[in-house]
Amino acid sequence: QVLRKSLLRGVMLSTGSFLAYGAHKLVSGFAEVHASFKVDEVIEQADYLYGSGETEKLHQLLVQHKNSDDAELLWRLARALRDLAQLSSTSAEEKRQLAYEALEYAKKALEKNETNFAAHKWYAICLSDVGDFEGIKTKIGNAIVIKEHFQRAVELNPKDATTIHLLGIWCYTFAEMPWYQRKIAATLFATPPTSTFQEALRYFHMAEEADPNFYSKNLLFLGKTYLKLNNKKMALLWLSKAKEYPAHTEEDKQVR
């Protein structure tokens, strides 16, 4: 009878423990689902604000989640900080501070999820921005890393035309590099980054194939690159398309 009572008590305790465990799992599950919904809601709001050009409101929303472990939130915060730095009302000192802060969150996004293409893309962009404050040696030294992250972003998402365009800009920049900068690069690095206008052209066309007419600046650089290659007929074709592109943004107006 004592054994029976002990076994019965053990079963009751086990059942109680099981129920408690089950309740804990249920609560944990709800918490995870709730957290997931919350992240999705923030991302939806962030993308709406970004599309509306509400840079400051976007930053105010995302900075509340700066301690998040979600790469999707972190790279968006990096982008928002960078956009703040681009505003004409931002002082030179603030631009510098925002550039470094943006890089910090882009790096954190990459650490949280190495397979997130946008984390690679914005890390590369932010790293390039920081180079503007650190001199030509750092800028050229970072260039190879920047290209690697752009290439990784394209591997992860071959349809992202903007990243492909940025690879084209990278190639165009180094193809156009003045002789004195090439000399400095050769002095500082055993194998300095180099490229050609043909390589740049390939990426600009790839971007156009991924998303036709997606960006006025891609049309402009197709024209500029063809000019560098002395193909005036093709240059005229793409420059005409850039000129006719609807000017929705300030950048579109500058391109025109």
Side-chain angles (χ1 to χ4, degrees), residues 43-44 46-53 58 71-72 74-76 78-80 82-83 86 102 106 109-110 113-129 142-176 193-229 231 233-256:
I43 288 171
E44 189 177 345
D47 289 348
Y48 174 78
L49 290 171
Y50 180 75
S52 305
L58 176 61
E72 290 290 336
L74 293 168
W75 72 254
R76 281 174 170 82
R79 181 181 66 181
R82 184 180 186 272
D83 286 349
Q86 304 296 315
L110 204 52
N113 187 354
E114 198 277 336
T115 60
N116 186 302
F117 91 92
H120 283 279
K121 172 182 176 177
W122 287 98
Y123 177 76
I125 292 170
C126 293
L127 187 60
S128 178
D129 288 346
N142 287 343
I144 294 169
V145 178
I146 288 165
K147 188 179 184 183
E148 286 171 354
H149 282 283
F150 280 146
Q151 287 174 326
R152 180 65 176 139
V154 173
E155 284 173 16
L156 292 166
N157 185 1
K159 293 294 182 183
D160 186 55
T162 310
T163 308
I164 303 170
H165 166 80
L166 290 170
L167 268 170
I169 294 290
W170 189 99
C171 295
Y172 187 97
T173 301
F174 281 96
E176 195 185 37
T194 58
S195 189
T196 63
F197 290 116
Q198 286 86 351
E199 188 181 12
L201 187 68
R202 183 169 64 86
Y203 281 120
F204 293 138
H205 272 299
M206 280 174 61
E208 209 59 34
E209 287 165 16
D211 190 1
N213 215 38
F214 75 105
Y215 188 27
S216 60
K217 201 170 180 180
N218 199 61
L219 303 174
L220 173 68
F221 270 87
L222 275 161
K224 283 166 69 83
T225 309
Y226 271 116
L227 273 178
K228 292 288 185 182
L229 295 169
N231 188 333
K233 183 180 178 181
M234 290 301 291
L236 179 61
L237 170 70
W238 290 104
L239 291 172
S240 297
K241 288 185 178 186
K243 183 173 178 287
E244 292 160 10
Y245 193 92
H248 296 303
T249 67
E250 188 60 36
E251 189 174 45
D252 293 335
K253 292 173 187 174
Q254 290 169 6
V255 163
R256 183 177 286 179

Taking only residues two or more places apart in sequence or in another chain, which ones pass side-chain contact (heavy atoms from CB on, under 4.5 Å) with [X]?
| X | result |
| --- | --- |
| Thr173 | Ile169 |
| Ala46 | Leu58, Leu61, Leu62, Arg76 |
| Ser195 | Trp170, Cys171, Phe174, Glu199 |
| Ala119 | Ala109, Leu110, Asn116 |

Kindly give the heavy-atom pair with the smallest separation between [X] and [Y], and that separation in Å.
| X | Y | result |
| --- | --- | --- |
| Ala153 | Lys121 | CB-N, 4.0 Å |
| Ala78 | Ala102 | CB-O, 3.3 Å |
| Ala242 | Val255 | CB-CG1, 4.1 Å |
| Thr115 | Leu156 | O-CD1, 3.6 Å |
| Lys253 | Ala247 | CG-CB, 3.9 Å |

Pairwise distance [atom1]([X]) to [atom2]([Y]) - rounded to 0.5 angstrom:
| X | Y | atom1 | atom2 | answer |
| --- | --- | --- | --- | --- |
| Asn113 | Glu72 | CG | CD | 7.5 Å |
| Lys217 | His165 | NZ | NE2 | 5.5 Å |
| Leu236 | Asn231 | CG | CG | 10.5 Å |
| His149 | Leu167 | NE2 | CG | 12.5 Å |
| Thr225 | Leu220 | OG1 | CG | 8.5 Å |
| Gln151 | Thr163 | CD | OG1 | 11.5 Å |

Exercise for the section: Let me see the working for Gln198 and Leu201 under side chain to side chain contact (heavy atoms under 4.5 Å, CB included), right down to the final yes or no. Expected result: CA-CA 5 Å; Gln198 286 86 351; Leu201 187 68; 5.6 Å; no

Practice task
Report, as yes or no, whether the 6.0 Å neighbourhood of atom OH on Tyr48 holds more than 12 heavy atoms from other residues, nucleotides or ligands.
Solution key: no

Handout entry: Residues which pass ring-ring contact (aromatic ring centres under 6.0 Å, His included) with Phe117, listed by chain and number, not counting sequence neighbours
Key = none

Handout entry: Qualifying residues under ring-ring contact (aromatic ring centres under 6.0 Å, His included), relative to Phe197, sequence neighbours excluded
Key = Tyr172

Practice task
Quick one: sort the Phe221 and Phe204 rings into parallel, tilted or perpendicular, breaks at 30° and 60°.
Solution key: tilted

Please enumerate all residues that pass salt bridge (Lys or Arg N to Asp or Glu O under 4.0 Å) together with [X], with sequence neighbours excluded.
| X | value |
| --- | --- |
| Asp83 | none |
| Glu44 | none |
| Arg82 | Asp129 |

Problem - Of all pairs that satisfy side-chain hydrogen bond (donor to acceptor under 3.5 Å, both in side chains), the ones with a partner from residues 233-244, not counting sequence neighbours - result: none

Handout entry: Where at least one partner belongs to residues 203-216, residue pairs that pass side-chain hydrogen bond (donor to acceptor under 3.5 Å, both in side chains), sequence neighbours excluded
Key = His205-Tyr226, Glu208-Asn218, Tyr215-Glu251, Ser216-Asp252

Problem - pair Met206-Arg202: side-chain heavy atoms closer than 4.5 Å - result: yes

Problem - Non-hydrogen side-chain atoms of Tyr123 and Leu127 separated by less than 4.5 Å - result: yes

Fill in the blank from the handout: Contacts of Glu114 meeting side-chain hydrogen bond (donor to acceptor under 3.5 Å, both in side chains) (sequence neighbours excluded), chain-then-number -> His120

